[in-house]
Amino acid sequence: MTPRTTPTTAPTASAAAPADARAAAPRTALGRLRLVVVLAALTMVGPFTIDAIFPAFAVMTRELDVDAVAMQQTVSVYLAAFAVASLFHGSMSDALGRRRVILAGCLLYAVTSALCALAPSMPLLLGARAAQGLVAGAGMIVGRTVVRDLFDGAHAQRFMSHISMIFAVAPALAPIVGGWILGWGSWRTIFWVLAGYGLVLVVLTLTSLPETHPASRRVPFHPRPLLASFFAAAGDGSVLRLSIAIALNFGALFLYISSAPAIVVDHLGLGERDFGVLFVPLVVTMMVGSFLTGRLAGRVRQGVFVLAGFLVALAGGVFAVTYQALAPAPALPWTVVPVAAASLGVSLVFPILTIALLDLRPRERGAVSSFQSFLSTCVNAVVAGLVSPLVSGSLTTLAVVAGSMTLSALVLWWWHRRRLIRRNAATDVVVPTPAPAPTDQL
């Protein structure tokens, strides 16, 4: 009789967080909550730096004696510097440790925010904004790597979803906070508050963030191996596919966000203080999606979450096209449905794809995170500066373009998934079950 064989797939060491990193993970619910808050606060730097000054644009234009186009450069310069610096934050953390890079980034963010507050002219303000962009991404990029250093599988997915749920409030909260500050101060006060926020992050990092990348696992601090690790990550087909999928998926939502003035003012005919009709549903659905991702982690297969997220976003686009074809004029709440659907889809997809991306090259997670952030920032810059002005004049065209980006992301994810399944099938180890020992027959 032929012995029965049992296929077994042993998890590789690279698929799990290292034991020395897991030892730094918080053991209590309070410790985990504190870590979630710290990492979420680090990721909120980006939205606050961009969005908090929007209410002050008119005042800054008059005081600095520039036009609206020049004021837009305060965002463009910041994003350009952010994209370039994002290439290096993760790789630096691979070499120097996560905590050290985050601390330096937060401290320099406080300094550059103060320089923005003190800038006497537009050229100096643009220079300070560029410097701000160079350091603002350290916490966000390295913070995602910290999650994967500490947790595996469903635990990592759940933890990332908690961070996303808190982070979801930032894009809508930032303009409101900026408006409040402007009510009792000046536009310079906004930058002073951002500088104070940077110092608070320094204190939180010192007191509540463990080092999760021990010296034994660090890449030597030399430019050549750092660049080599980045280009190796960028040249990895799997990393490229997932990074583009993440960038396009969020880019679809960012298209709606960057087109908010056209949607709210031009199409719905509302005022400049009515942006909550768009951003409140966006925040609520993102929080709901992040809650579901964390609550059901380990109970529902990750592929189901990802597919559901993509399908929800695509369904919102189909609804938008159908509604615009039948309705005589855009109206609430139906015009906001595709934005809410895109937000819900992103919140379901983003945590899982991010964890999967960081798992592809465990020893170079910082470099992978840097590459993905660079790619997403570039896509967002193109979406805001080129795509949105071209398509936001028509809600139908807006929905079609956003849906096309989501569909492209779905195809890339499906392509990656099929290749991964075939590769795992080809490398499965078949272990023969040993035959039972012979026994005496009575």
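- The two residues W413 and L353 make their nearest non-hydrogen contact at CD1-CD2, 3.4 Å.
- Here S392 contributes atom OG and L255 contributes atom CG; the two are 8.0 Å apart, rounded to the nearest 0.5 Å.
- A distance of 11.5 Å separates CG in N249 from CG in L242, rounded to the nearest 0.5 Å.
- One finds the CD1 atom of I263 at 8.0 Å from the OG atom of S388 (value rounded to the nearest 0.5 Å).
- Residues forming a side-chain contact (heavy atoms from CB on, under 4.5 Å) with T377 (at least two apart in sequence, or on another chain): L79, F82, A83, S373.
- With sequence neighbours excluded, no residue forms a salt bridge (Lys or Arg N to Asp or Glu O under 4.0 Å) with R241.
- Residues forming a side chain to side chain donor-acceptor pair (under 3.5 Å) with T396 (at least two apart in sequence, or on another chain): none.
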Residues F250, N380; criterion side-chain contact (heavy atoms from CB on, under 4.5 Å); working and verdict: CA-CA 8 Å; F250 185 80; N380 290 342; 3.8 Å; yes
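- By the side chain to side chain donor-acceptor pair (under 3.5 Å) test, S394 pairs with T397, sequence neighbours left out.
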Show me the donor-acceptor pairs within less than 3.5 Å that the side chains of residues 188-206 make with the rest of the protein, sequence neighbours left out.
from : atom 1 : to   : atom 2 : distance (Å)
R188 : NH1    : A117 : O      : 2.8
R188 : NH1    : A119 : O      : 2.7
R188 : NH2    : A119 : O      : 3.1
T189 : OG1    : S186 : N      : 3.0
T189 : OG1    : S186 : O      : 3.4
Y197 : OH     : A41  : O      : 2.7
T205 : OG1    : L201 : O      : 2.8

Mind listing the side-chain donor-acceptor pairs of residues 125-133 below 3.5 Å, one per line with the distance, residues two or more places apart or on another chain?
from : atom 1 : to   : atom 2 : distance (Å)
R129 : NE     : T74  : O      : 3.1
R129 : NH1    : T49  : O      : 3.1
R129 : NH1    : Q132 : OE1    : 2.9
R129 : NH2    : T49  : O      : 3.4
R129 : NH2    : T74  : O      : 3.3
Q132 : NE2    : S113 : OG     : 2.9

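- A donor-acceptor pair under 3.5 Å is absent between the side-chain atoms of S343 and the main chain of V339, judged by distance alone.
- When all heavy atoms of L42 and C106 are compared, the pair lying nearest together is CD2-SG, 3.6 Å.
- L282 and T285 make their closest contact through O-OG1, 3.0 Å (heavy atoms, listed as atom of the first residue, atom of the second, distance).
- Every residue was checked against the side chain to side chain donor-acceptor pair (under 3.5 Å) condition with S243, not counting sequence neighbours, and none meets it.
- Here Y78 contributes atom OH and L134 contributes atom CG; the two are 10.0 Å apart, rounded to the nearest 0.5 Å.
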Donor-acceptor contacts, no H, no angles, side chain residues 304-311, under 3.5 Å, sequence neighbours left out:
none

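- For the atom pair I246 CD1 and F350 CZ, the distance stands at 6.0 Å (nearest 0.5 Å).
- Annotation: side chain to side chain donor-acceptor pair (under 3.5 Å) contacts of T335 (sequence neighbours excluded): none.
- Residue L240 holds its CG atom at 7.5 Å from CG of L375, rounded to the nearest 0.5 Å.
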Exercise answer: donor-acceptor pairs, residues 312-323 side-chain atoms, under 3.5 Å, sequence neighbours excluded:
from : atom 1 : to   : atom 2 : distance (Å)
T322 : OG1    : V318 : O      : 2.9
Y323 : OH     : A331 : N      : 3.2

Side-chain donor-acceptor pairs of residues 398-412 under 3.5 Å, sequence neighbours excluded:
from : atom 1 : to   : atom 2 : distance (Å)
S404 : OG     : V400 : O      : 2.8
T406 : OG1    : A402 : O      : 3.2
S408 : OG     : S404 : O      : 2.9

